[in-house]
Novice: 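Structure provided below as structure tokens; questions to follow.
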Protein chains: 2
Amino acid sequence: MDDEEARQRVLDAAEALFYERGLQAVGIDDIRAASGVSLKRLYRCFGSKHELVSAYLDRTDLRWRSALAEYVSAVGGDPREAVLAVFDWLGLWFAEPGFRGCAFINAHGELGEVAPDVAAATRRHKEALLAYLTRLAERACPGAGRALANQLLLVVDGAIVTAAVHGASGAAAAGRAAAAALLDAAEHSRAARLHRDQQVIRS
Amino acid sequence: MDDEEARQRVLDAAEALFYERGLQAVGIDDIRAASGVSLKRLYRCFGSKHELVSAYLDRTDLRWRSALAEYVSAVGGDPREAVLAVFDWLGLWFAEPGFRGCAFINAHGELGEVAPDVAAATRRHKEALLAYLTRLAERACPGAGRALANQLLLVVDGAIVTAAVHGASGAAAAGRAAAAALLDAAEHSRAARLHRDQQVIRS
DNA sequence: TTCCTTGGAGAACGGCGGTTCTCAACAGTA
DNA sequence: TACTGTTGAGAACCGCCGTTCTCCAAGGAA
């Protein structure tokens with residue numbers, strides 16, 4: 001086993017354990033036992049538990065966002081359907097065995113601003129998600145993407161939290177319905193804005 | 001100092017520390033030092049750290065929900081304004097110094113289902129909030145309160161999480177705008193339903 | 001074979017956690 | 001005053017944590 005394979009095995013074990021039990025509740029020795037990597041090599045690869053936590057969060061961010069984007073891009077080009085597909089994907093995720101909410105929200109709730117690295121990683125993750133939602137929203141409703149995406153982000157995070165606390169049932173569907181209503185509202189206000197602008201031009 | 005006063009002082013200290021730093025990060029000795037209550041009395045009043053955590057969550061639930069309800073009931077009787085006032089109150093809460101998100105979401109994210117008491121308290125809190133939102137939504141949009149409240153809950157929790165991660169700015173306003181759009185959508189579909197029903201009766 | 005490096009297993013260390021125990025001080029009472 | 005029960009301060013206990021260190025086995029090179 002070379003260092004690269006050890007890194008992956010440690011990260012795999014850390015991901016499973018951190019996500020299931022939280023950051024503070026899993027010890028280095030749990031990760032060592034689950035990964036089969038010796039303590040010495042583990043510390044050579046990661047240096048400290050803090051670094052391992054950061055690596056876990058970084059990899060989770062990448063994997064989570066690319067899984068979402070892949071699903072959404074596969075549903076086709078209709079902008080409105082793309083936004084709604086986000087919630088279909090969330091529904092699939094919520095139903096996975098072992099689902100326990102958003103790794104970042106959980107980590108941030110556990111450590112808060114006391115752990116600046118974790119807080120920063122959480123902010124980066126949510127900002128990237130907001131940027132992605134903004135792209136989707138802008139395509140569905142040009143000119144109102146920013147405001148719509150801010151609202152969609154609330155619905156997404158709310159659905160994740162509700163699914164984690166209450167179990168999967170219904171949160172994704174409620175989120176999808178809310179998103180549809182927000183899309184309609186944004187579309188209506190866009191139409192009203194265009195109408196008003198045209199009147200201004202005519203007058 | 002009698003036992004009742006000791007209980008309050010311990011709970012006050014526990015509330016501040018647990019909320020700021022998380023459950024596992026604060027030790028019994030921190031609470032003893034902050035409250036000025038001796039270890040012996042502390043254990044006589046609460047028995048264990050678990051019990052203290054439960055008591056902290058219970059009191060937080062009561063205080064949080066009654067503060068919200070008090071604010072909302074003070075804005076007057078208009079049902080739509082009452083729903084929107086929820087987000088005004090959230091905005092005030094987010095701006096408080098030391099705001100760090102929802103104590104229950106944080107606790108649940110930290111310990112998850114590993115701590116059944118904490119998970120149950122979180123579920124109770126969110127169910128009570130949902131029941132309250134359902135009452136408000138039912139008054140604003142009779143017959144569609146249940147579905148609307150499910151969506152509003154997502155927006156509320158999403159706003160809390162976003163405010164905690166990103167700082168207060170904008171989350172409450174975005175939540176208010178989303179809630180207004182959801183109210184409009186529910187009202188429209190109610191009007192459409194009534195219209196359809198009347199046509200059925202006429203035919 | 002002999003030497004040297006590498007890696008793994010796990011002991012060791014220093015610190016901190018929740019909880020219990022000891023002991024001295026003190027209040028109330030006869 | 002002498003006795004009793006209660007209290008608070010903090011030591012003690014036991015176990016866990018992250019991290020480092022020791023020791024030994026294995027394996028390639030000369």
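Order of the sequence lines fixes the chain letters, A, B, ..., with proteins taken first and strands second; residue numbering starts at 1 for each chain. It should be emphasised that the depicted structure is a prediction, and the values quoted were computed from it without experimental measurement.
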Novice: Sorted by first residue and then second, give each ring pair (Phe, Tyr, Trp, His ring centres under 6.0 Å) pair with at least one member in residues 158-191 of chain A; sequence neighbours left out.
Specialist: none

Novice: B/R124: what forms a salt bridge (Lys or Arg N to Asp or Glu O under 4.0 Å) with it, not counting sequence neighbours?
Specialist: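 Result, salt bridge (Lys or Arg N to Asp or Glu O under 4.0 Å) vs B/R124: B/D58.
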
Novice: Identify every side-chain donor-acceptor pair in residues 65-75 of chain A under 3.5 Å, counting partners at least two apart or on other chains, and give the distances.
Specialist:
residue: A/R65; atom: NE; partner: A/D61; partner atom: OD1; Å: 2.8
residue: A/R65; atom: NH2; partner: A/D61; partner atom: OD2; Å: 3.1
residue: A/S66; atom: OG; partner: A/L62; partner atom: O; Å: 3.0
residue: A/S66; atom: OG; partner: A/R63; partner atom: O; Å: 3.2
residue: A/S73; atom: OG; partner: A/A69; partner atom: O; Å: 3.3
residue: A/S73; atom: OG; partner: A/E70; partner atom: O; Å: 3.1

Novice: Measure the distance from CZ on A/R32 to C1' on D/dT20 and round it to the nearest whole Å.
Specialist: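 It is 15 Å, rounded to the nearest whole Å.
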
Novice: A/F46: what forms a ring-ring contact (aromatic ring centres under 6.0 Å, His included) with it, not counting sequence neighbours?
Specialist: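 If we apply the ring-ring contact (aromatic ring centres under 6.0 Å, His included) test to A/F46, skipping adjacent residues, there are no hits.
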
Novice: Give every pair of a protein N or O atom and an N or O atom of nucleotides 17-19 of chain D that lie under 3.5 Å apart, one pair per line with the distance.
Specialist:
residue: D/dG18; atom: OP1; partner: A/K49; partner atom: NZ; Å: 2.5
residue: D/dG18; atom: OP2; partner: A/I28; partner atom: N; Å: 2.7
residue: D/dT19; atom: OP2; partner: A/Y43; partner atom: OH; Å: 2.8
residue: D/dT19; atom: OP2; partner: A/K49; partner atom: N; Å: 3.0
residue: D/dT19; atom: O5'; partner: A/Y43; partner atom: OH; Å: 3.4

Novice: With sequence neighbours left out, write down each residue that passes ring-ring contact (aromatic ring centres under 6.0 Å, His included) with B/F94, or none if nothing qualifies.
Specialist: B/F99

Novice: For A/F87 and A/G175, work out which heavy atoms get closest and say how close.
Specialist: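 Closest approach of A/F87 to A/G175, heavy atoms only: CD2-C, 3.6 Å.
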
Novice: Please tabulate, for the side chains in residues 105-119 of chain A, all donor-acceptor contacts under 3.5 angstrom to protein atoms that are two or more places apart in sequence or on a different chain.
Specialist:
residue: A/N106; atom: ND2; partner: A/R100; partner atom: O; Å: 2.8
residue: A/N106; atom: ND2; partner: A/C102; partner atom: O; Å: 3.4
residue: A/H108; atom: NE2; partner: A/E113; partner atom: OE2; Å: 3.1
residue: A/E110; atom: OE1; partner: A/L23; partner atom: N; Å: 3.0
residue: A/E110; atom: OE2; partner: A/L23; partner atom: N; Å: 3.4
residue: A/E110; atom: OE2; partner: A/Q24; partner atom: N; Å: 2.7
residue: A/E110; atom: OE2; partner: A/Q24; partner atom: NE2; Å: 3.3

Novice: Hey, is the main chain of B/T134 close enough, under 3.5 Å, to the side chain of B/R146 for a donor-acceptor pair?
Specialist: no

Novice: Just the atom pairs and distances: protein N or O near nucleotides 23-25 of chain D's N or O, under 3.5 Å.
Specialist:
none

Novice: Tell me whether the side-chain N/O atoms of B/R41 come closer than 4.0 Å to OP1 or OP2 in D/dT7.
Specialist: no

Novice: Grab the CD-P distance between B/E5 and D/dT7 for me, whole Å please.
Specialist: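 From B/E5 CD to D/dT7 P: 15 Å.
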
Novice: Listing request: all ring pair (Phe, Tyr, Trp, His ring centres under 6.0 Å) pairs with a residue in residues 2-24 of chain B, at least two apart in sequence or in separate chains.
Specialist: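 The answer is B/F18-B/Y56.
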
Novice: Whole angstroms only, please: what is the CD1-P distance between B/I31 and C/dG18?
Specialist: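 It is 8 Å, rounded to the nearest whole Å.
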
Novice: What does A/R44 touch in the nucleic acid at a heavy-atom separation under 4.0 angstrom: a base, only the sugar-phosphate, or nothing?
Specialist: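 The residue A/R44 makes sugar-phosphate contact but no base contact.
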
Novice: Over the length of the helix from C/dT1-D/dA30 to C/dA30-D/dT1, how much do the five-pair end axes diverge, rounded to 10 degrees?
Specialist: 20°

Novice: How many whole angstroms separate atom CE of B/M1 from atom C1' of C/dA27?
Specialist: 16 Å

Novice: Could you give the CZ-to-P distance, from B/F46 to C/dG18, as a whole number of Å?
Specialist: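 After rounding, the reported distance stands at 15 Å.
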
Novice: What pairs of residues pass the side-chain hydrogen bond (donor to acceptor under 3.5 Å, both in side chains) test when at least one of them lies in residues 170-181 of chain A, not counting sequence neighbours?
Specialist: A/D88-A/R176

Novice: Starting from P on C/dG7, measure out to CG on A/D2 and report it in whole angstrom.
Specialist: 11 Å

Novice: Please list every donor-acceptor pair under 3.5 Å in which a side-chain atom of residues 136-144 of chain A meets a protein atom from a residue at least two apart or in another chain.
Specialist:
residue: A/E138; atom: OE1; partner: A/G145; partner atom: N; Å: 3.1
residue: A/E138; atom: OE2; partner: A/G143; partner atom: N; Å: 2.7

